*Asks:* 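Mind having a look at this structure? Questions to follow.
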Amino acid sequence: MNSPSYQRTIFIVGNPNVGKTTLFNDLTGANEPVSNYNGSTHAAKSRLVFDNFGKQNLVYDLPGVYGASAYLQEEQQIFKLLYQSNEHNRILLVVNAQQLERNLFLVTQILELGIPTCLVITFSEHAYKQGHALSIAVLQQALKIPIIPLSEAPQLRRRQLRDILTQDQFQTSALDFRYAPNIQRCCDMLEAKSGLSKGWCECFLFQDSQHYAELIADKAPLFLHTIDELNQADHHWKTRMIAARYTWIEELVTRCIQHIPQGKRHTLIPWDRLFLHKVWGPLAGGVIFFAMLFSVFSLSEYPMRVCEWGIQWLQLWINTHLPHGWLQALMSEGIIGGVGNVLLFLPQFVLMVTCMNILENTGYLARITFLLDRLMKKIGLSGSSFIALVSCYACTIPGLLQTRCLPNREERLTTLFVAPWVNCASRIPIYLLLLSLLFDDLATWAKVFILISIYLTGLVAALVLAAIIRKYILKTRHFAQINEMPPLLYPQWNYILKVIKAQTWFFLKKSGTVVLGFSIVLWCCLHTNFTLASGKTINCVHWLADKLELIFKPIGFDGNISLSLLSAFGARENFISTLGVLYNVDAKQPGTLRTFLQQAVDAQGNPIY
């Protein structure tokens, strides 16, 4: 039986960082990542959802865009989807009440496209706390479409969104802008000759000719001719058209926003005086990151000891209750010795992910970007590039995807190339293991300083390499870019817990698939010997370790470390699992990896670590 087709398509459109993905998750039940900075949505996402009457709707979450001047491929895809829409399509237009004036520019352009639209307002309660009360009646009278302020309570917000779909609260607007006579004459002639609506004519005029040539190839010469006429009539015609819209928007904002007396305000804005200060801002950042890493060290020590005790108990139980043989050795040495020592560092991983998500969710990472924007410009990058690099601290893949939001091609390629130099969260277990071995006698705060130095070294190396690339290979070009400061918010604990759950499941899934499979293969190879024609018996793993030791011996690496480094190319966690399997196979009695490494000695009896 064929599945029924969806009856409507809902496009969620709006400026960057206005809450579009949050509404998409509320409406569809998805779990797409959200963040408190621009560009967290890299591509259009869609999902089917039923309204209260059981009718299917295809909902699209589109990347944020500031206006019709689409420069990025993702932005061009938005208007391509809207242009190819039919009478069954709707637009859910999202506006941030705290940034109403800037958001309304895109609203005016979308309303002229002639697609039924419903305007939803987010952060209205935050705007009220900052002293700005929004008059929905005045705004609705001016825009001539349904306007619904959304609640900050998730359950009520979901009910509001489902009611919008069920009751089909979408209408076309009669909004019409008039420009100077010489500009308006050219626009009217284009509308009459092309057969397109006034909104689409102006939309394509603001876009690159290569983009609209794909959609309206037969009308491309007409648009090029109109652009030539506009340039002859007024060389600054784009600026005039934008100014005309903003003049109308400023007058509307003045009428629909009422200012609240100072005594009723409640806001986090005063903290920005500290976080964005040119002196105290960097110092506050250093204190915050030091406290974050200190908590990772101190709070994770107790669950780590519990995990170590659990690994030793499980190995002893297996050796006691299972019959002696290959299955017992595989379970104790291969699986528990490999995967168990990776899971040992799960508490640190969870704490690190929690801290990073709190900084991201509150908007603090964007403030660090603002402080470093001037430095980034000197090496040919921008604050948006730094956000991509900082995202790599949690996971490199989202950081690489973040570069798709960079409008400059050279900057995008440079950021892609240097991003792997930043230390991702999967390397945390390795760093913490080595710190506990090499600097076991140091205090916790000293270990934190060493870990901060490791992270800063990777970031500085990435920035130096980026400066070299931008100067000699992808040479710097001057370009304009909007760096938006997101609002400073309280942590959204429900979302943070969802992210922690997802990241923890990813860590466990990777340990139970990639790391487990590699540990089993490594254990089998360690117990498989080959006899050469000369009669000599060798083990392939030990033979490879001996050859690698010859290469890495000048820097003090033995065969086990060298082999573990080689295995880490497949997954960073394989470094620990490989060491765990190697030392458990050679050990006389079961134990944890940290114990084995502390007792490891070379051929002369000297400690290796």
Side-chain angles (χ1 to χ4, degrees), residues 10-27 34-41 59-68 75 78-79 82 90-113 115-152 156-158 160-161 163-165 169-173 175 177 199 203 242 245-246 248-258 363 482 484-487 489:
I10 312 296
F11 298 103
I12 302 180
V13 182
N15 282 185
N17 201 38
V18 295
K20 299 184 299 299
T21 304
T22 300
L23 302 187
F24 178 77
N25 292 338
D26 290 339
L27 193 57
V34 298
S35 59
N36 192 15
Y37 55 79
N38 296 354
S40 59
T41 302
V59 181
Y60 274 92
D61 178 26
L62 301 180
V65 61
Y66 288 104
E75 296 175 347
I78 295 174
F79 291 96
L82 296 178
R90 306 288 187 266
I91 293 179
L92 188 66
L93 197 52
V94 187
V95 168
N96 186 341
Q98 297 172 298
Q99 302 161 352
L100 183 63
E101 182 174 336
R102 181 162 49 78
N103 288 183
L104 282 178
F105 180 77
L106 176 65
V107 171
T108 59
Q109 292 183 318
I110 293 295
L111 293 183
E112 289 185 326
L113 300 181
I115 303 175
T117 303
C118 177
L119 184 70
V120 294
I121 299 179
T122 59
F123 296 99
S124 56
E125 296 179 18
H126 284 81
Y128 183 82
K129 293 175 182 178
Q130 292 180 3
H132 309 293
L134 179 62
S135 175
I136 302 298
V138 174
L139 190 62
Q140 187 166 342
Q141 182 180 7
L143 298 179
K144 303 177 179 63
I145 58 171
I147 300 177
I148 299 175
L150 295 179
S151 171
E152 293 186 6
L156 180 57
R157 186 171 63 236
R158 294 189 192 101
Q160 289 178 301
L161 293 172
D163 288 343
I164 292 174
L165 263 64
Q169 300 179 23
F170 301 90
Q171 295 180 12
T172 56
S173 175
L175 200 63
F177 282 93
C203 179
I242 294 174
R245 291 180 182 270
Y246 269 111
W248 183 84
I249 290 172
E250 289 173 359
E251 189 272 335
L252 174 60
V253 170
T254 302
R255 288 190 292 116
C256 68
I257 289 185
Q258 299 176 353
I482 297 177
E484 181 182 347
M485 181 66 66
L489 305 175

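Values in this document were obtained by computation on a predicted structure and should not be read as measured data.
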*Asks:* Please enumerate all residues that pass side-chain hydrogen bond (donor to acceptor under 3.5 Å, both in side chains) together with Gln99, with sequence neighbours excluded.
*Replies:* Arg102, Glu484
*Asks:* If you round to the nearest 0.5 Å, how far is CG of Leu139 from CG of Leu100?
*Replies:* 6.0 Å
*Asks:* Going by side-chain hydrogen bond (donor to acceptor under 3.5 Å, both in side chains), name the residues that satisfy it together with Arg245, two or more places apart in sequence or in a different chain.
*Replies:* Thr108, Glu112, Tyr179, Glu202
*Asks:* Roughly how far apart are Leu252 CG and Ile257 CD1, rounded to 0.5 Å?
*Replies:* 8.5 Å
*Asks:* Between atom CD of Gln109 and atom CG of Leu175, what is the distance when rounded to the nearest 0.5 Å?
*Replies:* 11.0 Å
*Asks:* Taking atom CD as the centre, does Gln258 end up with more than 12 heavy-atom neighbours from other residues, nucleotides or ligands that are less than 6.0 angstrom away?
*Replies:* no
*Asks:* Would you call the rings of Phe11 and Tyr60 parallel, tilted or perpendicular if under 30° counts as parallel and over 60° as perpendicular?
*Replies:* parallel
*Asks:* Compare all side-chain heavy atoms of Ile136 with those of Ile121 and state whether any distance is below 4.5 angstrom.
*Replies:* yes
*Asks:* Using side-chain contact (heavy atoms from CB on, under 4.5 Å), reason through Leu111 and Leu119 one step at a time and then give a plain yes or no.
*Replies:* CA-CA 10 Å; Leu111 293 183; Leu119 184 70; over 6 Å; no
*Asks:* What distance do Thr22 atom OG1 and Arg157 atom CZ have between them, rounded to the nearest 0.5 Å?
*Replies:* 6.5 Å
*Asks:* Can you sort out the partners of Glu250 under salt bridge (Lys or Arg N to Asp or Glu O under 4.0 Å), two or more places apart, ordered by chain and number?
*Replies:* none
*Asks:* Taking the side chain as every heavy atom from C-beta outward, state whether Phe170 and Ile91 have any atom pair closer than 4.5 Å.
*Replies:* no
*Asks:* Of all the heavy-atom pairs spanning Ser124 and Ala97, show the shortest one and how long it is.
*Replies:* CA-CB, 3.7 Å
*Asks:* Quick one: are Pro146 and Gln171 in side-chain contact, heavy atoms under 4.5 Å?
*Replies:* yes
*Asks:* Check Leu82, Thr172, Ile110 against Ile115 for a side chain to side chain contact (heavy atoms under 4.5 Å, CB included) and give me the one that passes.
*Replies:* Leu82
*Asks:* Decide yes or no on ring-ring contact (aromatic ring centres under 6.0 Å, His included) for Tyr66 and Phe105, but give the supporting numbers first.
*Replies:* CA-CA 8 Å; Tyr66 288 104; Phe105 180 77; 9.9 Å; no
*Asks:* Please report the interatomic distance CG(Leu161) to CG(Leu156), rounded to the nearest 0.5 Å.
*Replies:* 9.5 Å
*Asks:* Would the number of heavy atoms belonging to other residues, nucleotides or ligands and lying under 6.0 Å from CD of Glu251 be above 12?
*Replies:* yes
*Asks:* Does the side chain of Leu104 reach to within under 4.5 Å of the side chain of Leu143, using non-hydrogen atoms?
*Replies:* yes
*Asks:* Can you find a heavy atom in the side chain of Gln160 that is under 4.5 Å from one in the side chain of Val120?
*Replies:* no
*Asks:* Is there a side-chain contact between Thr122 and Leu23, using heavy atoms and a 4.5 Å cut-off?
*Replies:* yes
*Asks:* Measure across Cys203 and Phe79 and return the closest heavy-atom pair with its distance rounded to 0.1 Å.
*Replies:* SG-CD2, 3.5 Å
*Asks:* How long is the gap from CZ on Phe123 to CG on Asn17, to the nearest 0.5 Å?
*Replies:* 6.5 Å
*Asks:* For Asn15, does its backbone N or O pair with a side-chain atom of Lys20 as donor and acceptor, under 3.5 Å?
*Replies:* yes
*Asks:* Within the side chain of Arg90, is there an N or O that forms a donor-acceptor pair under 3.5 Å with the backbone of Ile10?
*Replies:* no
*Asks:* Do Cys256 and Leu134 have side chains that approach each other closer than 4.5 Å (heavy atoms only, starting at C-beta)?
*Replies:* yes
*Asks:* With no hydrogens and no angle check, just 3.5 Å: does a side-chain donor-acceptor pair link Asn103 and Asn96?
*Replies:* no
*Asks:* May I have the step-by-step check of side-chain contact (heavy atoms from CB on, under 4.5 Å) for Ser173 and Thr117, ending in yes or no?
*Replies:* CA-CA 8 Å; Ser173 175; Thr117 303; over 6 Å; no
*Asks:* Any side-chain heavy atom of Leu165 within less than 4.5 Å of one from Leu92?
*Replies:* no
